[in-house]
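Scroll down for the structure; my scribbles are underneath it.
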Amino acid sequence: MNIVLLGAPGAGKGTQASMIEERFHLVHISTGDIFRANIKGSTPIGKVAKSYIDAGKLVPDEVTCDIVKDRLAADDVKSGYMLDGFPRNLFQAAELDRFAHIDLCINIDVDVSLLLDRICGRRVCSCGESYHVSTLNGATACKKCGGTLYQRDDDNPETVGKRLDTYFNETAPLVEYYKNQGKLFTVKSGKQPPEEVFAVIAAELERRSGK
Ligand code: AMP
């Protein structure tokens, strides 16, 4: 099964993706992670992406679509994948439909009032795990791999405001896009812990895969 994970920054896409990956063995592809790895490695893509990411804007479609197209050509995705953070506008969604087949869009719906605190309190590990400072009790190491936790450069109040604007203006219309395709499954996340959100998603995935 090939899945698109949709949701505002801070909705918990990455957290749910890790849990889905573990249970359903779908390959997790995060365009944000790919860009951050390129920035860390000072690659040409990283140099282009950084200015957009720092400004809370979308990296140009051409660059982003090429990265995803290349990634989906690899052998490891043949038995299913999850796209986390792609597509992020209608152009990318239409492009994706040209080079891939998407079965399902999982939309994680969180009240906007909760997002700012979630994002600004987020601490991440390079292995992909993320935490909220309120649950860390001062710990600075990842519980999964022991790596050092850090705050993403773009997880600051100023950039977050711009990222949320970008989400509502450019990405939110994708809810309607996938609804019109009959592929939309929305989970209302609210203040529920990630395990409860995952239980709802897992039940839907099991129902669809006939398990
Ligand atoms: P994320 O880790 O998904 O929150 O992405 C971090 C940043 O990377 C975003 O704010 C964008 O600047 C950029 N980015 C990630 N995915 C995309 C995409 N599909 N299209 C354009 N820019 C993206």
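FYI, side chains are in, hydrogens and waters are out, and symmetry mates aren't considered; it's all heavy atoms of this structure. We count ligands from 1, going down the list as the structure has it; atoms in each ligand are counted the same way. Computed from a prediction, not measured in an experiment: that's the story for all the values here.
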Flag, side chain of Thr166 to backbone of Gly56, donor-acceptor distance under 3.5 Å: yes
Under 3.5 Å donor-acceptor, Gln181 side chain and Leu104 backbone: no
Sub-4.0 Å heavy-atom environment of ligand 1, residues by chain: Thr31, Gly32, Phe35, Arg36, Ile53, Lys57, Leu58, Val59, Thr64, Gly85, Phe86, Arg88, Gln92, Arg152, Asp154, Arg163
Remaining members of hydrophobic cluster (4.5 Å side-chain criterion), Phe91: none
Residues clustering with Tyr150 (ILVMFWY side chains joined when closer than 4.5 Å, directly or via others): Val124
CG (Asp103) with more than 12 external heavy atoms under 6.0 Å: yes
Sequence-distant partners of Arg88, side-chain hydrogen bond (donor to acceptor under 3.5 Å, both in side chains), two or more places apart: none
